[in-house]
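This report concerns only the one structure given below.
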Amino acid sequence: MAPIVTSRSSSISARSASAVRSVRSARGVARSSSRSSPCVSAATTIAPASTELATQCINAIRFLAIDGVEKANSGHPGLPMGCAPMSFILWDEVMKFNPKNPQWFNRDRFVLSAGHGSMLIYSMLHLTGYDSVAKEDLMSFRQVDSKTPGHPENFMTAGVEVTTGPLGQGICNAVGLALAEAHLAARFNKPGCEVVDHYTYCIMGDGCNMEGVSGEAASLAGHWGLGKLIVFYDDNKISIDGHTDISFTEDVSARYAAYGWHTQHVEDGNTDLEGIRKAIEEAKKVTDKPSLIKVSTIIGYGSPNKADSHDVHGAALGPDEVAATRANLNWNYSEFEVPEEVSGQMDKSEKGAALEAEWEATLAKYEKEFPEDAKVFKQLISGELPAGWEKALPTYTSEDKGIATRLHSQTMLNALCEVLPGFIGGSADLAPSNMTLMKAHGDFQKDSPAERNLRFGVREHGMGAICNGIALHNSGLIPYCATFFIFTDYMRGAMRVAALSEAGVIHVMTHDSIGLGEDGPTHQPIEHLASFRCMPNMLTFRPCDGNETAGAYKVAVERRNMPSTLALSRQGMPNMDTTSIAGVEKGAYVVYGVAAGESCDVILIGTGSEVEMCVDAAKELEGEGKKVRVVSMPCWELFEEQSADYKKSVIDPSVSARVSCEAASSFGWGAYSNAHVGIDGFGASAPAPALYKKFGITVEAVVAAAKSL
């Protein structure tokens with residue numbers, strides 16, 4: 001398509017201008033003086049483009065969004081109405097994708113970080129030819145089992161790359177997607193044979209910029225020099241409370257420039273298509289910095305009475321205003337109707353197929369000229385794990401020195417990085433404590449993007465959300481991230497989105513209990529294990545030795561659609577002869593005493609460092625004539641996946657003397673035990689042995705609890 005040149009026009013209907021002015025006057029709303037573009041009404045900026053077809057396409061985007069929200073009587077029409085021009089240029093002229101193969105590896109990625117405006121991306125998917133969003137899907141927006149849920153969900157709608165909605169998460173995911181591209185390009189591209197070459201585009205709003213997590217990720221993107229990340233900032237200056245000048249007056253572009261981004265400003269994002277087009281061209285010329293394009297728009301553009309107000313942000317326009325907007329924008333089509341010429345222009349099925357075929361030819365050339373690299377690359381993007389990779393995981397006996405499970409974790413990470421070419425990750429400035437460095441690899445940096453150790457700095461939340469993006473790049477990369485278990489409080493939002501969006505991130509969390517000792521209650525997790533066990537689609541592991549740590553990693557790597565949290569100890573604990581990787585895969589299994597399925601008097605259930613305590617308690621009870629079974633339960637979720645018969649054979653509910661022991665909250669243990677030895681208050685600052693004694697987490701307490709039942 002030839003470039004579409006637009007011109008600004010001052011022509012305006014007196015009725016529309018008067019309507020917008022009267023509404024603003026009645027509300028007493030004044031625009032912030034910090035806005036660079038002229039302070040005008042929506043109607044003022046309505047101008048015929050020099051290419052009528054472009055205007056038709058843009059309005060088709062707007063009205064599909066308007067009609068979808070109106071039919072649902074729920075949603076956010078304002079953002080799609082304002083962002084339609086930039087979205088049209090991006091999807092129609094710039095982005096590479098194949099709507100008939102949404103998972104084509106070398107497609108450009110698009111993230112709608114302002115996920116509340118979801119009808120924008122659904123409209124784009126529909127218009128550009130994705131089978132996942134038919135007209136009927138647009139008409140069932142926000143309904144049960146719809147492919148068009150209230151916020152974009154990657155597991156529901158083909159063409160949606162990541163799940164967005166919690167503001168700020170999407171821009172962080174976009175950083176992760178761009179990082180994945182930069183890393184793979186550095187590893188596999190050859191002169192004249194580039195098999196990894198795509199951009200990540202993102203639209204975010206004021207709310208995303210207000211959320212601190214976006215700053216964490218943007219800072220890292222600038223530091224890493226992610227030149228193929230281009231972000232559009234929808235500068236409409238409206239949030240739910242009203243105009244943003246009541247709470248948000250900073251110079252966003254200056255902040256991003258300080259982060260190391262290339263910044264531009266399109267002052268009229270409503271009609272200046274050429275300005276948007278040129279901004280993208282300039283952004284692509286800057287290869288060593290991510291780009292922020294601030295696009296000043298009017299939210300709800302075209303609505304005579306609700307544009308430029310919070311009224312259009314999060315509610316349907318209403319029948320009267322929809323009719324007025326149709327008249328104002330001269331849209332003479334019925335609900336969900338798309339003119340034939342618009343469909344012909346925006347459908348990218350043929351173009352997408354040609355782009356993919358061109359890439360396949362490049363890949364075939366690459367495979368012929370670089371067969372060894374091609375073998376690794378194709379295995380990665382297939383999503384299949386290398387055959388026999390799990391054999392790299394070491395096993396232990398009681399003769400092996402007992403150490404902290406964080407040290408076992410270090411062994412696992414370094415073993416796995418040798419057999420899993422997609423293994424990549426790092427820590428939030430705690431690598432020497434988390435033990436997460438891959439010794440055979442250097443640091444991913446601006447000048448060394450092929451390396452695999454990620455240095456996130458003290459940015460836990462951004463770290464988690466970036467790793468979600470890496471995982472959802474769906475290129476075979478297996479990201480892990482690490483911090484102290486207590487600091488999951490900073491990143492829980494990203495971890496929940498990982499679980500929701502089926503992003504197989506491995507969360508390596510050390511210093512798992514009061515056993516960390518002297519750092520005290522600010523650093524000692526109490527309720528954290530319970531909170532992650534409550535989270536759907538999250539595997540939570542607390543291994544008791546080297547074998548169980550190996551088992552946790554085996555499952556975590558295999559479950560690519562399920563994130564994992566590994567709670568690892570600072571203090572040492574002995575390796576056991578009866579623990580195993582296979583046992584971990586069952587979630588809970590017998591490690592001492594009466595075998596599964598046999599009659600017993602007492603069942604003691606432990607995790608992590610308290611398994612040893614349960615074994616010692618069992619020996620004392622055996623001395624008094626009791627038949628005791630000790631169960632290690634490293635992962636509740638895996639145990640619940642087992643058959644009813646297996647679960648009964650391990651933790652028999654008919655045995656009343658069932659005691660659990662874990663240096664953490666008792667919350668949830670009632671499902672498995674009738675008494676719990678643990679801690680339900682905050683910890684304290686002291687050496688670990690003194691703390692266990694102070695809080696009554698002892699062999700004696702376990703024995704006493706068993707006798708009491």
Note to self: One thing to verify: whether K237 and D308 come together as a salt bridge, which I'm taking to mean a side-chain N less than 4.0 angstrom from a carboxylate O.
What the structure shows: no
Item checked: Test item: side-chain donor near acceptor, Y301 and N236, under 3.5 Å -> no
Margin query: Side chains of T540 and R533 only: does a donor on one sit below 3.5 Å from an acceptor on the other?
Written below: no
Check: Does the side chain of S564 come under 3.5 Å of the side chain of R559 through a donor N or O and an acceptor N or O?
Finding: no
Margin query: Using the salt bridge (charged side-chain N to carboxylate O under 4.0 Å, His left out) criterion, which residues pair with D489? Sequence neighbours excluded.
Written below: none
Note to self: With side chain to side chain contact (heavy atoms under 4.5 Å, CB included) as the test, pick out the partner of L329 among T55, N59, I66.
What the structure shows: N59
Item checked: Least distance between heavy atoms, G115 atom then P152 atom -> O-CD, 3.1 Å
Next item on the list: Would you mind listing every salt bridge (Lys or Arg N to Asp or Glu O under 4.0 Å) that reaches into residues 148-177, with sequence neighbours excluded?
Entry: R107-E161
Check: Which pairs count as side-chain hydrogen bond (donor to acceptor under 3.5 Å, both in side chains) when at least one residue sits in residues 127-136, sequence neighbours excluded?
Finding: K100-D131
Notebook entry, point to check: Please walk me through it: do E181 and K228 pass salt bridge (Lys or Arg N to Asp or Glu O under 4.0 Å)?
Noted result: CA-CA 8 Å; E181 193 277 344; K228 286 190 174 178; 3.4 Å; yes
Checklist line | R492 to F532, cation-pi by 6.0 Å centre distance and 45° axis angle | finding: yes
Notebook entry, point to check: Do W331 and Y333 have ring centroids that are under 6.0 Å from one another?
Noted result: yes
Checklist line | Side-chain donor/acceptor of Q345 to backbone N/O of C57, under 3.5 Å | finding: no
Note to self: As a test of understanding, state which of I203, I121, L127 forms a side chain to side chain contact (heavy atoms under 4.5 Å, CB included) with S87.
What the structure shows: I203
Next item on the list: Indicate, with yes or no, if the rings of H473 and H198 have centres closer together than 6.0 Å.
Entry: yes
Next item on the list: Count the heavy atoms of every other residue, nucleotide or ligand shown that sit under 6.0 Å from CD1 of I240, and state whether that count exceeds 12.
Entry: no
Checklist line | Residues D347 and S349: side-chain donor-acceptor under 3.5 angstrom | finding: yes
Note to self: In this structure, is the centre-to-centre distance between the rings of H116 and H313 below 6.0 Å?
What the structure shows: yes
Notebook entry, point to check: salt bridge (charged side-chain N to carboxylate O under 4.0 Å, His left out) with D234: which residues, sequence neighbours excluded?
Noted result: none
Next item on the list: May I ask you to check whether N328 and T325 show a side-chain donor-acceptor distance below 3.5 Å?
Entry: no
Check: Can you tell me if S296 and D235 form a side-chain donor-acceptor pair at under 3.5 Å?
Finding: yes
Margin query: Quiz question: by atom type and distance under 3.5 Å, do the side chains of N332 and N330 form a donor-acceptor pair?
Written below: yes
Item checked: Residues that K348 engages under salt bridge (charged side-chain N to carboxylate O under 4.0 Å, His left out), provided they are two or more places apart -> D92
Next item on the list: Verify the distance criterion only: is there a donor paired with an acceptor across the side chains of E340 and S343 at less than 3.5 Å?
Entry: no
Notebook entry, point to check: Thinking salt bridges, do E281 and K278 make one under a 4.0 Å N-O criterion?
Noted result: no
Check: Which side-chain hydrogen bond (donor to acceptor under 3.5 Å, both in side chains) pairs, counting each pair once, include a residue from residues 208-218, with sequence neighbours left out?
Finding: N209-Y256
